[in-house]
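Below is one structure, written out as structure tokens; comments come after it.
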Amino acid sequence: MTAPDSQSSPLVFILNGPNLDLLGQRQPELYGRDTLQQVEELCRRTAAELGLRIDFRQTNSEGTLVDYLHEARIHAQAIIINPAAYSHTSIAVHDALHACDMPIYEVHVSNTWKRDSFRHTDYVAIVATGQLNGLGIDGYALALRQVAAVLQKP
Ligand code: CA2
């Protein structure tokens with residue numbers, strides 16, 4: 001069995017954009033009742049099971065999200081990102097992801113296609129390997145499973 005904390009285990013950056021620190025505090029009909037802390041715990045459990053290391057972060061700042069992506073570009077083997085509202089607005093996040101030559105999965109807790117039309121523009125989906133949309137926080141765990149499967153392929 002692979003030791004999840006071994007330096008040789010693949011490192012996955014799990015990045016969260018603005019207002020996701022409020023998860024679980026409002027709008028449970030859209031986002032459920034789990035907090036971001038609980039999302040992180042889910043990711044840690046799932047990553048340990050899969051033999052992956054994770055670096056889990058949240059920021060409310062566009063520039064910081066870009067800086068995190070520059071770090072991921074150098075240090076990570078895959079990226080899971082919920083860019084939150086920056087999905088719909090940020091060419092800077094799009095460009096930073098474009099520079100990352102690795103599997104990229106975009107997660108949205110809510111189904112953005114069933115919501116306001118301004119959420120139907122998604123600059124991240126264009127550069128993502130795949131998207132998990134509307135699956136609740138399970139989208140994060142499923143994205144980790146997909147990362148493990150893709151990284152295992154020769
Ligand atoms: O469904 C998602 O995961 C989103 O990325 C959540 C974003 C939204 O802008 C995207 O369109 C879809 C919003 C982040 C969470 O915002 C909250 C605000 C108040 C209470 C709880 C969460």
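Just so you know, ligand 1 is whichever comes first in the structure, and atom 1 is the first atom listed for that ligand. These numbers come from a predicted model, not from an experiment.
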Considering the heavy atoms of [X], write down every atom of ligand 1 situated less than 4.0 Å from one of them.
| X | answer |
| --- | --- |
| Leu22 | 20 (C), 21 (C) |
| Ala85 | 9 (O) |
| Asn19 | 15 (C), 16 (O), 17 (C), 22 (C) |

Residues two or more places apart in sequence or in another chain: which of them pass side-chain contact (heavy atoms from CB on, under 4.5 Å) with Arg57?
Phe13, Leu15, Asp55, Tyr68, Glu71
Should one rank [options] by closest heavy-atom distance to [atom], which comes out on top?
| atom | options | answer |
| --- | --- | --- |
| atom 22 (C) of ligand 1 | Tyr31, Tyr140, Phe118, Tyr86 | Tyr31 |
| atom 10 (C) of ligand 1 | His88, Arg26, Glu106, Gln25 | His88 |
| atom 8 (C) of ligand 1 | Arg119, His120, His108 | Arg119 |

Is a donor from one side chain sitting under 3.5 angstrom from an acceptor on the other, for Asn16 and Tyr140?
yes
Looking only at protein heavy atoms, what sits closest to atom 1 (O) of ligand 1 is Ser110 OG, 2.6 Å
Distance from atom 3 (O) of ligand 1 to nearest protein heavy atom, with residue and atom
Val109 N, 2.7 Å
Ion pair check, Glu49 and Arg45, cut-off under 4.0 Å
no
At a non-hydrogen distance cut-off of under 4.0 Å, which region of Asn82 contacts ligand 1 (side chain, backbone, both, or neither)?
side chain
Would you check whether Pro18 reaches within less than 4.0 Å of ligand 1, judged by its heavy atoms?
yes
Hey, does Gln27 sit under 4.0 Å from ligand 1 if you only count heavy atoms?
yes
Does Asp116 CG have over 12 foreign heavy atoms under 6.0 Å away?
yes
Is there a side-chain contact between Gln27 and Glu29 in this structure, where contact means two heavy atoms from C-beta onward sitting under 4.5 Å apart?
yes
When the side chains of residues 132-139 are checked against the rest of the protein, which donor-acceptor pairs come out under 3.5 Å, sequence neighbours left out?
unit_1: Asn133; atom_1: OD1; unit_2: Thr112; atom_2: N; d: 3.0
unit_1: Asn133; atom_1: ND2; unit_2: Thr112; atom_2: OG1; d: 2.7
unit_1: Asn133; atom_1: ND2; unit_2: Gln131; atom_2: OE1; d: 3.4

Is it true that Val39 and Val147 fall in one hydrophobic cluster, defined by side-chain heavy atoms closer than 4.5 Å?
yes
Shared hydrophobic cluster, Met102 / Val127 (ILVMFWY, side-chain heavy atoms < 4.5 Å):
yes
